[in-house]
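Notes follow once the structure below has been shown.
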Amino acid sequence: MKEVILMIGANGQIGSELAAALRKKFGMENVITSDIREPKEIGEGEIFETLNVLDKEAIKALMLKYKPTQIYLLAAMLSATGEQYPQKAWDLNMNGLLNVLDLAVELGIKKIFWPSSIAVFGPHSPKVDTPQYCVMDPNSIYGISKLSGERLVEYYHNRYGLDIRSVRYPGIISWRTEPGGGTTDYAVHIFFEAIRQGKYTSFLSENTELPMLYMDDAVRGTIELMDAPAEQLTIRSSYNLAGISFTPKQIAEEIKKILPNFEISYADNDPRQAIADSWPKSINDDTARNDWGWAPTFDLAGMTKDMLENLKTKLK
Ligand code: AKB
C-alpha cells in the first residue's frame, strides 16, 4: 500500500529531522509537512502547508486534500514554556490531540504517531531505572497534558481501533535544529556555546541527572516503532525509551576531553530546576526492547564527538 504522511508541527527540533528521514523513506511527494508558521526554507520538492492544529476544519481540509494514511502529530508546548502559559499549553497539547484523533476516526485514517515524554513521571515515581508502569504524578502542566494524552490515545485505540503508536521521549540532543522551551534544552545549548564561546552557564545544577537520547537514535527508533507489526505491540499508551543518562558536570567533562579550555558554570534559582528534580534520572525501556527491538547506539562519548564535529562545521 502506498503510504502518505501528514506531519503536524513539523518545524520543531524532532519534526525537522524526522520529516527528512520520512521523505527519504517514502519519497518527497508522499510526505506533507505542516506547522503554524512557514519554515525558514522549504527545500526543492518539499510539500509544506501552514496549519494551526487548533483549527479542526483546516486539519480536515488538509486530510481531504492529501488523503494521508499516517499522521505524525508533533505540535506541542514543552515543559518550560508550558509553565509560563499553562492554559495555552493545556489547550494546544490536549485539544490539538483531540482534533487529530476525532478526525482520524471520522475519515478512517488508522495510523498515528504521537510523542509522549518522560515528563509523565513525577516526584513519587521511582527515580532510577523508572519502569514502564509505576506511580505517575506529574506536576508540570506539560507532564499532566502528556499523561492525559497517553490515556486518550490508548482509549482511542481500544474504542475506535486507531493504530496509534507512541514513545516517551527523553531529552533529545541534536545539532541541526536547536530545541525550544524544554527543561532538557541545556544539553543541546552546551554544545552550541562550547563551539561559539568556549563556555556555558547551565541552568540546571551540576549533579542533575536526566535521561537523554541522541537525535539519530530517536529518529531511527520512531520509524522502527511505526514499522513494527501491530500484533507485536503490547503498549498502546506510550513506550518508555532510554538512551544515555548524564549530569551537566559529566557532559562538561566529556566536552573538555575534546575542547580542553571549555568552562562550565551553574546558574542559581532557575525555575526549570524544579521540573528537572521531579523527573526520572534513568529509564527502563525493556518493553520497547522486547516488543519491537529498540536499542540505542550512541553513548555519551560517541554523541559528544558527533555533536562537536558537526557543530564545528555548521557554526564556522
Ligand atoms: C522537555 O524538556 O520539556 C522535553 C521533554 C523531555 O519532553 N525535552
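All values below come from the heavy atoms of this structure, side chains included, with hydrogens, waters and symmetry mates left out. Nothing fancy with the numbering, it's 1 onward along the sequence.
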> Distance only, no hydrogens: is a donor on one side chain within 3.5 Å (strictly under) of an acceptor on the other, for R236 and S166?
Replying inline: no
> Does the side chain to side chain contact (heavy atoms under 4.5 Å, CB included) test come out yes or no for I5 and N30, once each step is laid out?
Replying inline: CA-CA 6 Å; I5 315 261; N30 295 318; 5.8 Å; no
> With a 4.5 Å heavy-atom cut-off, do D102 and K56 have their side chains touching?
Replying inline: yes
>> Grouping I, L, V, M, F, W and Y whenever their side-chain heavy atoms are under 4.5 Å apart, do L64 and V31 come out in a common cluster?
In response: no
>> For a 4.5 angstrom cut-off between non-hydrogen side-chain atoms, does Q250 reach E206?
In response: no
> Would you say the side-chain atoms of T81 pair up with the backbone N or O of L78, donor to acceptor, closer than 3.5 Å?
Replying inline: no
>> Within a 6.0 Å radius of atom OH on Y160, are there more than 12 heavy atoms belonging to other residues, nucleotides or ligands?
In response: yes
>> Would you say NZ of K199 has more than 12 non-hydrogen atoms from neighbouring residues, nucleotides or ligands within 6.0 angstrom?
In response: no
>> Taking V167 as the starting point, is it possible to reach L97 by hopping between hydrophobic residues whose side chains are less than 4.5 Å apart?
In response: no
> Are any of the side-chain heavy atoms of D129 and I283 separated by less than 4.5 Å?
Replying inline: no
> Would you say the side-chain atoms of Y142 and E83 include a donor-acceptor pair closer than 3.5 Å?
Replying inline: no
> Given I255 and T304, is the side chain to side chain contact (heavy atoms under 4.5 Å, CB included) satisfied, shown in steps?
Replying inline: CA-CA 7 Å; I255 292 173; T304 303; 4.0 Å; yes
>> Do L22 and I112 sit in one hydrophobic cluster, given that two such residues count as connected whenever their side-chain heavy atoms are within less than 4.5 Å of each other, even indirectly?
In response: no
> Does K316 pair with E309 as a salt bridge, N-O distance under 4.0 Å?
Replying inline: no
> A58: what forms a side chain to side chain contact (heavy atoms under 4.5 Å, CB included) with it, not counting sequence neighbours?
Replying inline: L51, D55
> Going by atom types alone, do D306 and Y214 pair a side-chain donor with an acceptor below 3.5 Å?
Replying inline: yes
>> Counting only heavy atoms from other residues, nucleotides and ligands, does the tally under 6.0 Å from CD of Q232 exceed 12?
In response: yes
>> Centroid separation under 6.0 Å, is that true for the rings of W292 and Y239?
In response: yes
> Going through the distances and angles, do T130 and S125 end up as a side chain to side chain donor-acceptor pair (under 3.5 Å)?
Replying inline: CA-CA 7 Å; T130 307; S125 308; over 6 Å; no
>> Show, in sequence, the C-alpha distance, side-chain angles and deciding distance for L101 and I164, and conclude whether the side chain to side chain contact (heavy atoms under 4.5 Å, CB included) test is met.
In response: CA-CA 9 Å; L101 294 178; I164 309 179; 3.4 Å; yes
> In terms of hydrophobic clustering (I, L, V, M, F, W, Y; side-chain heavy atoms under 4.5 Å; direct or indirect links), are M94 and V100 co-clustered?
Replying inline: yes
> Just wondering, do L98 and Y156 contact through their side chains at under 4.5 Å, heavy atoms?
Replying inline: yes
> Quick one: do E3 and K25 make a salt bridge, cutoff under 4.0 Å?
Replying inline: no
> Going from CD on E46 to CD1 on I32, what distance comes out if it is rounded to the nearest 0.5 angstrom?
Replying inline: 12.0 Å
>> Taking G198's backbone N and O only, do any of them form a donor-acceptor pair with N261's side chain (distance below 3.5 Å, no angle check)?
In response: no
>> Assess whether a salt bridge exists between K127 and D277, defined as any Lys/Arg side-chain N lying under 4.0 Å from an Asp/Glu carboxylate O.
In response: no
> Between E209 and T247, is any side-chain donor less than 3.5 angstrom from a side-chain acceptor?
Replying inline: no
> Does the ring of F203 carry R272 above it, NZ/CZ under 6.0 angstrom from centre and within 45° of its axis?
Replying inline: yes
> Below 4.5 Å, heavy atoms only, C-beta onward: do E154 and N158 meet side chain to side chain?
Replying inline: yes
>> Let me confirm one number: the CD1-OG1 distance from I36 to T50, rounded to the nearest 0.5 Å.
In response: 9.5 Å
>> Could you work out, with side-chain hydrogen bond (donor to acceptor under 3.5 Å, both in side chains) as the rule, every residue matching K24, not counting sequence neighbours?
In response: none
> Checking side chain to side chain contact (heavy atoms under 4.5 Å, CB included) for the pair L18/T222: CA distance, chi angles, key distance, verdict?
Replying inline: CA-CA 8 Å; L18 197 49; T222 303; 4.0 Å; yes
>> Under a 3.5 Å threshold, yes or no: a donor from one side chain and an acceptor from the other, between S16 and T177?
In response: yes
> If every non-hydrogen atom of M136 is compared with every non-hydrogen atom of P138, which pair is closest and at what distance?
Replying inline: C-CD, 3.5 Å
>> R23 vs T33, test: side chain to side chain donor-acceptor pair (under 3.5 Å). Steps then yes/no.
In response: CA-CA 10 Å; R23 285 189 168 116; T33 52; 3.0 Å; yes
>> Please find the pair of heavy atoms, one from L74 and one from G15, that lie closest to each other, and give the distance.
In response: CD1-CA, 3.4 Å
>> Regarding T297 and D217, do their side chains bring together a donor and an acceptor under 3.5 Å, going by distance alone?
In response: yes
> Do S245 and S282 get their side chains close enough for a donor-acceptor pair, meaning under 3.5 Å?
Replying inline: no
> Taking all non-hydrogen atoms of both residues, which atom of T183 and which atom of S79 are closest, and how far apart?
Replying inline: OG1-OG, 2.7 Å
>> Checking side chain to side chain contact (heavy atoms under 4.5 Å, CB included) between W294 and each of N240, L225, D286, L241, which is the one that passes?
In response: L241
> What's the shortest heavy-atom distance between Q70 and I109, and which atoms?
Replying inline: N-CG2, 4.3 Å
> Between W114 and G149, which heavy-atom pair has the shortest distance, and what is it?
Replying inline: CH2-C, 3.5 Å
>> So does V4 get a backbone contact from the side chain of T69, meaning a donor-acceptor N/O pair under 3.5 Å?
In response: yes
> Looking only at side chains, do Q273 and T208 share a donor and an acceptor under 3.5 Å apart?
Replying inline: yes
> Quick one: do Y72 and M77 end up in the same hydrophobic cluster if we chain Ile, Leu, Val, Met, Phe, Trp and Tyr together by side-chain heavy atoms under 4.5 Å apart?
Replying inline: no
>> Does this structure show an ion pair linking K60 with E57, if we count only N-O contacts that are shorter than 4.0 Å?
In response: no
> Looking at S237 and V153, what are the two nearest heavy atoms and their distance?
Replying inline: O-CG2, 3.6 Å
> Does E254 pair with K305 as a salt bridge, N-O distance under 4.0 Å?
Replying inline: no
